[in-house]
Amino acid sequence: MQSTLQKTNDFREITYGRRSVKLYDPEVKISREEMTEILEGATRAPSSVNLQPWRFLVIESPEGKEKLAELARFNKTQVLTSSAVIAVFVDMNNVEYMDEIFGKAVELGYMPQEVKDMQLSAVKPYYNNLPPAVLRDVNFIDAGLVSMQLMLVARSYGYDTNPIGGYEKDQIAEAFDMDKARYQPVMLISIGKAAKEGHPSYRLPVETVTTWK
């Protein structure tokens with residue numbers, strides 16, 4: 001069993017040691033198997049009513065990265081040298097998966113049937129009637145949670161990451177043959193092994209960002 005000190009050191013390594021990387025070792029590849037494990041770890045993040053609106057596009061081929069580089073002109077280095085870039089989207093039709101998610105929860109013994117029935121009768125109509133802007137806000141919060149978790153999981157596997165917001169968000173879905181109305185982009189996350197260590201950055205002290213009552 002890990003000691004409290006070891007757990008603290010592991011936590012500090014994963015969180016304090018994570019820095020945004022601008023240049024990766026292009027020779028490092030991440031297998032489909034390992035990438036799947038990283039994504040599975042990320043999807044343990046919480047989401048509103050467990051609807052898991054996040055969707056991932058893993059761009060790992062040279063052709064895919066060249067295409068993406070044209071849409072992320074100020075972040076070409078990260079895109080082209082990384083092992084892969086994970087484009088995080090939200091599925092604006094994620095309510096379609098509610099029956100499957102709740103049904104599987106019952107099957108696995110995570111949820112009683114009566115709770116599933118109650119949830120479906122109350123939550124499904126609510127979600128179906130949410131204004132698109134409100135649904136987008138809810139989904140983007142959940143996508144932010146899964147994105148941060150993805151970066152922390154990647155760090156625990158020994159990989160470095162960099163979240164990227166500077167790219168052509170209005171073009172990326174169509175460029176990769178996705179329905180742009182349904183799949184809305186949140187961020188890109190480059191992943192790989194740093195060829196050059198990311199710069200440390202200053203963080204405001206807790207006293208500045210926290211109010212106690």
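No side-chain heavy atom of Ser147 sits under 4.5 Å from any side-chain heavy atom of Trp54. Side-chain contact between Met151 and Ile191 is absent, with no heavy atoms from C-beta onward closer than 4.5 Å. Counting heavy atoms from C-beta on, the side chains of Leu188 and Leu68 come closer than 4.5 Å. In this structure, Lys76 and Glu70 have side chains that are in contact, with non-hydrogen atoms separated by less than 4.5 Å. Between Val146 and Phe56, some side-chain heavy-atom pair lies under the 4.5 Å cut-off. With a 4.5 Å cut-off on side-chain heavy atoms, Lys65 and Pro62 do not count as touching. Side-chain contact between Asn139 and Asn94 is present, with heavy atoms from C-beta onward closer than 4.5 Å. Residues Met187 and Ile164 fail the side-chain proximity criterion, which asks for heavy atoms closer than 4.5 Å.
Atom-to-atom distance recorded for Glu66:CD and Leu80:CG is 5.5 Å, nearest 0.5 angstrom. To the nearest 0.5 angstrom, Leu145 atom CG is 13.0 Å from Thr43 atom OG1. The CG atom of Asn129 sits 11.5 Å away from the CG atom of Leu135 when rounded to the nearest 0.5 Å. Atom-to-atom distance recorded for Leu71:CG and Lys67:NZ is 9.0 Å, nearest 0.5 angstrom. Rounded to the nearest 0.5 Å, atoms CE (Met118) and CZ (Phe102) are 9.0 Å apart. Rounding to the nearest 0.5 angstrom, the gap separating the CD atom in Glu60 from the CD1 atom in Ile86 is 10.0 Å.
Cation-pi check for Lys124 over Tyr127 is not met; the charged atom does not lie both under 6.0 angstrom from the ring centroid and within 45 degrees of its normal. Figure legend: Arg136 and Tyr183 shown without cation-pi pairing, the cationic atom not lying both under 6.0 angstrom from the six-membered ring centre and within 45 degrees of its axis. Taking the ring axis of Tyr24 as reference, the NZ or CZ atom of Lys193 does not stay both within 45° of it and closer than 6.0 Å to the ring centre.
Asp91 places no side-chain N or O within donor-acceptor distance of the main-chain N or O of Pro53, the cut-off being under 3.5 Å. Judged by distance alone, with hydrogens and angles left aside, the side-chain atoms of Thr210 form no donor-acceptor pair with the main-chain N or O of Glu207 at under 3.5 Å. Ser83 contributes a side-chain N or O that, together with a main-chain N or O of Val28, makes up a donor-acceptor pair within less than 3.5 Å. Under the 3.5 Å distance criterion, the side-chain polar atoms of Asn162 are left unmatched by any main-chain donor or acceptor of Gln78. Side chain of Lys180 to main chain of Asp170: a donor-acceptor pair is present (N/O by atom type, distance under 3.5 Å, no hydrogens or angles).
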Phe89 vs Val186, side-chain contact (heavy atoms from CB on, under 4.5 Å): CA-CA, chis, key distance, verdict: CA-CA 5 Å; Phe89 293 82; Val186 178; 5.7 Å; no
Before giving the answer on side-chain contact (heavy atoms from CB on, under 4.5 Å), spell out for Val21 and Thr161 the whole-Å C-alpha distance, their side-chain angles and the decisive distance to 0.1 Å. CA-CA 6 Å; Val21 170; Thr161 56; over 6 Å; no
Please assess Asn128 against Val95 for the test side-chain contact (heavy atoms from CB on, under 4.5 Å), listing each intermediate value before the final yes or no. CA-CA 7 Å; Asn128 280 328; Val95 71; 3.5 Å; yes
Given Val58 and Leu39, is the side-chain contact (heavy atoms from CB on, under 4.5 Å) satisfied, shown in steps? CA-CA 10 Å; Val58 180; Leu39 293 172; 4.0 Å; yes
What's the verdict on salt bridge (charged side-chain N to carboxylate O under 4.0 Å, His left out) for Arg182 and Glu96, showing C-alpha distance, side-chain angles and the deciding distance? CA-CA 12 Å; Arg182 175 168 183 166; Glu96 292 179 0; 3.4 Å; yes
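When the shell of 6.0 Å around OH of Tyr157 is examined, it contains more than 12 heavy atoms from other residues, nucleotides or ligands. For NZ of Lys29, the number of neighbouring non-hydrogen atoms (other residues, nucleotides, ligands) closer than 6.0 Å is greater than 12. Crowding of Arg73 atom CZ: a count of heavy atoms from other residues, nucleotides or ligands under 6.0 Å not exceeding 12.
In this structure, a donor-acceptor pair under 3.5 Å is absent between the side chains of Ser82 and Tyr159. Inspection of the Asn50 and Gln52 side chains reveals an N or O donor paired with an N or O acceptor under 3.5 Å.
In the hydrophobic cluster analysis, where Ile, Leu, Val, Met, Phe, Trp and Tyr join through side-chain heavy atoms closer than 4.5 angstrom, Leu57 is grouped apart from Ile189. Val115 and Val123 fall within a single hydrophobic cluster, where Ile, Leu, Val, Met, Phe, Trp and Tyr are joined by side-chain heavy atoms under 4.5 Å apart, directly or via other members. No continuous path of hydrophobic side-chain contacts links Met148 to Leu204 [ILVMFWY only; heavy atoms under 4.5 Å]. Note on Leu51: it clusters hydrophobically with Val90, by side-chain heavy-atom contacts below 4.5 Å among ILVMFWY residues. Hydrophobic clustering places Tyr202 together with Val209 (ILVMFWY residues linked when any side-chain heavy atoms are closer than 4.5 Å, directly or through intermediates).
Listed here is the closest heavy atom pair of Ser48 and Val138: CB-CG1, 3.8 Å. Closest heavy-atom contact between Ala87 and Ile59: CB-CD1, 4.5 Å. Closest non-hydrogen pair, Val79 versus Ala69, comes out as CG1-N, 3.9 Å. Closest approach of Thr211 and Lys213 over heavy atoms only: CG2-CE, 3.8 Å.
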